[in-house]
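The structure presented is a predicted model; accordingly, all values stated were derived computationally and were not measured. Below, chain A is the first sequence line, B the second, and so on; all start at residue 1.
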There are 2 protein chains.
Amino acid sequence: MADLAKVSEATVSRVLNNVGPIKEETRQRVIDAANELNYAPSALARNFATSKSGNIGVILPYLPKVNMFSTYFFSEILSGIGSMSREFGYDLLLLFRPMDDVLNYYSQLFHTHKVDALIVLGSKEDPIELEALRRLKEEGRHFCLINQHYDGEGFSEVDATHEKGSYEAVTHLIQQGYKEIAFINGPDEYSNSRERSAGYRRALHDHGLEVNQSLLFTGNFGRKSGYAVASSVFARLNEVDAIFASNDRMAIGLHQGLRDLGIPWNQLPGMIGFDDSDIAELTTPTLSSVKVPFFQMGELAAENLLSRLRPSSLGMQDHFRIQLPTELMIRESSLRTDSKEE
Amino acid sequence: MADLAKVSEATVSRVLNNVGPIKEETRQRVIDAANELNYAPSALARNFATSKSGNIGVILPYLPKVNMFSTYFFSEILSGIGSMSREFGYDLLLLFRPMDDVLNYYSQLFHTHKVDALIVLGSKEDPIELEALRRLKEEGRHFCLINQHYDGEGFSEVDATHEKGSYEAVTHLIQQGYKEIAFINGPDEYSNSRERSAGYRRALHDHGLEVNQSLLFTGNFGRKSGYAVASSVFARLNEVDAIFASNDRMAIGLHQGLRDLGIPWNQLPGMIGFDDSDIAELTTPTLSSVKVPFFQMGELAAENLLSRLRPSSLGMQDHFRIQLPTELMIRESSLRTDSKEE
DNA sequence: CCGTTTTATGTACGCGCGTACATTTTCTCA
DNA sequence: TGAGAAAATGTACGCGCGTACATAAAACGG
């Protein structure tokens with residue numbers, strides 16, 4: 001390669017990296033030679049020399065449980081991350097949270113140079129998880145969380161306005177005339193569950209309604225957990241006239257459960273889900289939902305992390321906290337009359 | 001590290017890689033030292049030294065079009081690949097097919113040692129794509145295709161019995177008494193589209209029915225393309241009594257389109273989708289579909305590739321072609337009476 | 001107890017780049 | 001035209017492992 005262009009390896013390196021002054025003729029000779037030989041520098045050697053992997057890691061909850069979340073959530077975020085990473089010339093390393101040893105795992109991803117930055121999805125409050133994240137921060141690593149907030153830790157986070165989204169959803173139900181609104185939430189270990197709960201309570205309170213403890217349910221974001229709640233809701237059907245679910249999958253599970261218990265589709269309680277996943281408009285009636293800009297959240301997470309990896313980023317605040325707005329998507333399931341009565 | 005254990009770097013390396021004879025006491029000393037210092041070898045240096053990246057690459061269609069396929073398809077396959085990769089100690093590098101330059105891209109992934117093996121998803125017949133794959137084969141790379149077959153190329157492939165699945169689905173419709181079965185297929189560039197078409201035709205033929213050209217439609221696997229076909233189907237509603245769709249998303253799009261055109265849900269034509277994605281049981285009526293074991297296909301692809309990377313795999317056939325069975329999942333949408341009449 | 005294996009460990013080098021520094025070539029302007 | 005500065009290129013070394021080969025230590029056999 002160097003020989004063919006009749007220059008030293010160093011010059012080749014300079015041309016390929018666009019660094020230092022190069023005579024135009026030389027540059028061309030090198031490029032021609034590279035094309036002729038179909039030469040491409042070994043990413044491995046290059047990474048080794050610069051001790052940077054060129055990868056951005058994405059942590060996913062450990063496999064069997066991926067489906068606890070909607071795949072929509074992950075697909076969108078991953079697409080967003082992937083889209084931005086590519087613009088920065090980074091590749092995307094998909095990593096699954098190990099069942100044990102999380103503490104070392106995160107840290108070693110950096111130490112072994114598997115990744116230059118890390119995005120953690122599906123993180124939830126847990127002593128070990130927290131400890132592992134703190135360690136990353138101590139070590140000055142570039143990482144960020146999506147859709148999860150740790151209070152007072154100063155982690156970088158990209159989140160959405162879950163409290164507000166929840167407030168708006170419940171308010172909408174109330175305005176539609178619903179008064180007894182059941183709430184099926186996700187586990188409290190997720191900050192967004194707690195925020196949605198707060199929004200739910202605030203909306204009830206602002207409209208002079210009381211929280212009815214017996215109408216509060218907890219699922220695990222999976223469809224089945226929504227389905228499982230159906231019987232409890234069914235038993236209280238005299239006192240429940242609407243349901244707010246913490247994500248679409250649970251809403252749909254609940255919907256199915258109620259249908260299976262014999263409720264005709266046009267006599268279902270009012271329903272609103274969360275996430276505005278693609279399935280929201282596939283149900284009958286179509287499901288109102290709170291839209292969360294997952295794709296964009298993925299993009300922003302990647303963009304902020306990667307731009308801080310650039311040499312030119314000196315002086316840039318090394319820590320960021322972004323909160324994107326949610327949006328209430330009103331469809332048939334939450335409307336009192338109209339299409340639901342078809 | 002080496003100092004703390006009072007051994008040479010070489011011995012450390014041997015202990016950590018479990019190679020060569022080591023005195024038990026020495027091993028322990030090294031391990032203790034490693035724990036104490038929280039030492040982990042640099043993956044980068046190690047990979048460089050062995051010139052293996054430790055990554056298995058997965059090519060996805062370029063981003064904006066990911067949603068052309070159901071995300072279900074990708075989620076399942078990726079999960080399968082990820083699950084198996086982890087067992088082999090490989091990491092999963094997510095790669096997006098570039099719009100240009102595919103030809104060099106694939107090849108250079110290996111040349112630059114970004115990946116040790118490659119799985120291509122969403123591949124479709126195309127001169128450049130084919131050329132790029134041929135080059136990989138020439139270069140002796142370890143790669144495989146999922147859900148796509150190239151005739152006579154001898155590529156490694158993990159596929160499903162699309163023809164048979166299709167045949168069974170259409171046969172089922174016929175047995176339910178449907179006689180005029182429209183077919184909305186995916187683009188012909190995908191081998192599985194061609195196979196499904198063959199199955200459709202064979203089923204009609206075997207039951208003495210004719211193919212009605214005006215009932216054949218082509219979508220792009222997206223929901224919207226199914227929706228777009230609705231009006232054509234609607235116009236022929238007198239001659240159509242069932243629809244077989246090449247995937248669930250199109251089936252559901254079509255379903256929605258017909259609903260929007262005013263057809264009550266219990267007077268829809270019989271319908272069967274393909275893939276058996278999670279949304280199939282969320283519709284009203286629930287959608288019959290042909291189940292494809294995507295997760296397992298991902299597992300098998302990874303397993304076969306990675307096991308061939310091991311030193312012990314000498315003599316193993318370097319090329320494999322696997323075809324997994326599909327399964328007809330009968331739900332409400334294809335049944336003539338019963339639950340559909342609720 | 002010594003020679004001979006066998007086992008255990010150390011030494012030295014290469015993997016293929018990037019880059020600081022040394023050197024050569026070209027340019028500038030007196 | 002020649003000296004000094006600027007531009008262009010070459011030289012040499014390190015990044016942190018794995019591993020072939022050299023060497024030392026232990027085991028064995030007579």
Side-chain angles (χ1 to χ4, degrees), chain A residues 1-34 37-55 89-91 107-116 309-312, chain B residues 1-34 37-55 89-91 107-116 309-312:
Chain A
M1 168 63 199
D3 317 353
L4 199 154
K6 285 179 289 191
V7 294
S8 70
E9 278 295 347
T11 301
V12 174
S13 174
R14 279 187 277 255
V15 170
L16 266 45
N17 292 327
N18 238 329
V19 63
I22 300 280
K23 199 192 285 179
E24 189 47 38
E25 180 221 324
T26 311
R27 157 179 278 109
Q28 203 51 56
R29 222 170 47 229
V30 171
I31 291 179
D32 290 348
L37 300 182
N38 213 308
Y39 169 87
S42 158
L44 221 44
R46 161 179 282 169
N47 293 341
F48 178 58
T50 58
S51 47
K52 302 200 308 176
S53 68
N55 295 147
Y90 277 76
D91 284 306
S107 173
Q108 291 195 350
L109 284 172
F110 287 94
H111 185 214
T112 66
H113 295 287
K114 283 301 272 188
V115 305
D116 299 334
L309 290 182
R310 292 190 295 207
S312 59
Chain B
M1 169 63 200
D3 318 353
L4 198 154
K6 284 178 292 191
V7 296
S8 70
E9 278 295 348
T11 302
V12 173
S13 175
R14 279 188 276 255
V15 169
L16 266 45
N17 292 328
N18 238 329
V19 63
I22 300 280
K23 201 192 285 178
E24 188 49 36
E25 179 220 325
T26 311
R27 158 179 277 110
Q28 202 53 54
R29 224 171 45 230
V30 172
I31 291 179
D32 290 347
L37 301 182
N38 214 309
Y39 168 88
S42 157
L44 221 43
R46 160 179 282 167
N47 293 339
F48 177 59
T50 57
S51 47
K52 303 201 305 178
S53 68
N55 294 148
Y90 277 76
D91 284 306
S107 174
Q108 290 194 350
L109 285 172
F110 286 95
H111 184 212
T112 67
H113 294 288
K114 283 299 276 187
V115 305
D116 299 334
L309 291 181
R310 291 190 297 207
S312 59

State, yes or no, whether a side-chain contact exists between [X] and [Y] at a heavy-atom distance under 4.5 Å.
X       : Y      : value
Q108(A) : N38(B) : yes
R46(B)  : N17(B) : yes
D116(A) : N55(A) : no
I22(B)  : R14(B) : yes
K52(A)  : Y90(A) : yes
R27(B)  : V30(B) : no
P41(B)  : L16(B) : yes

Strand-adjacent residues in residues 40-50 of chain B, judged by heavy atoms under 4.0 Å from DNA chain D: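 Hits under 4.0 Å, by residue number: P41(B), S42(B), A45(B), R46(B), F48(B), A49(B), T50(B).
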Aromatic plane relationship, F48(A) with F48(B) - under 30° parallel, 30 to 60° tilted, over 60° perpendicular: parallel
Between P of dC17(D) and NZ of K52(B), the distance in whole Å: 17 Å
Nucleotide dG18(D), atom C1' - distance to CG of L16(B) in whole Å: 12 Å
Any residue meeting side-chain hydrogen bond (donor to acceptor under 3.5 Å, both in side chains) with D91(B), in chain and number order, not counting sequence neighbours: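 D91(B): side-chain hydrogen bond (donor to acceptor under 3.5 Å, both in side chains) contacts with K114(A).
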S53(B) vs N47(B), side-chain hydrogen bond (donor to acceptor under 3.5 Å, both in side chains): CA-CA, chis, key distance, verdict: CA-CA 5 Å; S53(B) 68; N47(B) 293 339; over 6 Å; no
dG16(C) phosphate, OP1 or OP2, under 4.0 Å from Y39(A) side-chain N/O: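 Checking dG16(C) against Y39(A), no side-chain N or O comes under 4.0 Å of OP1 or OP2.
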Polar pairs (N or O, both sides) under 3.5 Å between protein and nucleotides 22-24 of chain C?
none

Grab the N/O contacts between the protein and nucleotides 6-10 of chain D below 3.5 Å, and write none if there aren't any.
from    : atom 1 : to     : atom 2 : distance (Å)
dT9(D)  : OP1    : T26(A) : OG1    : 2.1
dT9(D)  : OP2    : K23(A) : N      : 3.0
dT9(D)  : OP2    : T26(A) : OG1    : 3.4
dG10(D) : OP2    : S8(A)  : N      : 2.7
dG10(D) : OP2    : S8(A)  : OG     : 2.9
dG10(D) : OP2    : T11(A) : OG1    : 2.7
dG10(D) : N7     : R14(A) : NH2    : 2.6
dG10(D) : O6     : R14(A) : NH1    : 3.1

Backbone N/O of E9(B) and side chain of S13(B): donor-acceptor pair under 3.5 Å: no
Atom of K6(A), atom of R29(A) and distance for their closest heavy-atom approach: O-NH2, 3.5 Å
Difference in axis direction between the ends of the helix from dC1(C)-dG30(D) to dA30(C)-dT1(D), five pairs, 10°: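 The end axes of the helix from dC1(C)-dG30(D) to dA30(C)-dT1(D) are about 30° apart, to the nearest 10°.
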Qualifying residues under side chain to side chain contact (heavy atoms under 4.5 Å, CB included), relative to S42(B), sequence neighbours excluded: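 Counting only residues at least two positions away or on another chain, S42(B) forms a side chain to side chain contact (heavy atoms under 4.5 Å, CB included) with H113(A), L44(B), A45(B).
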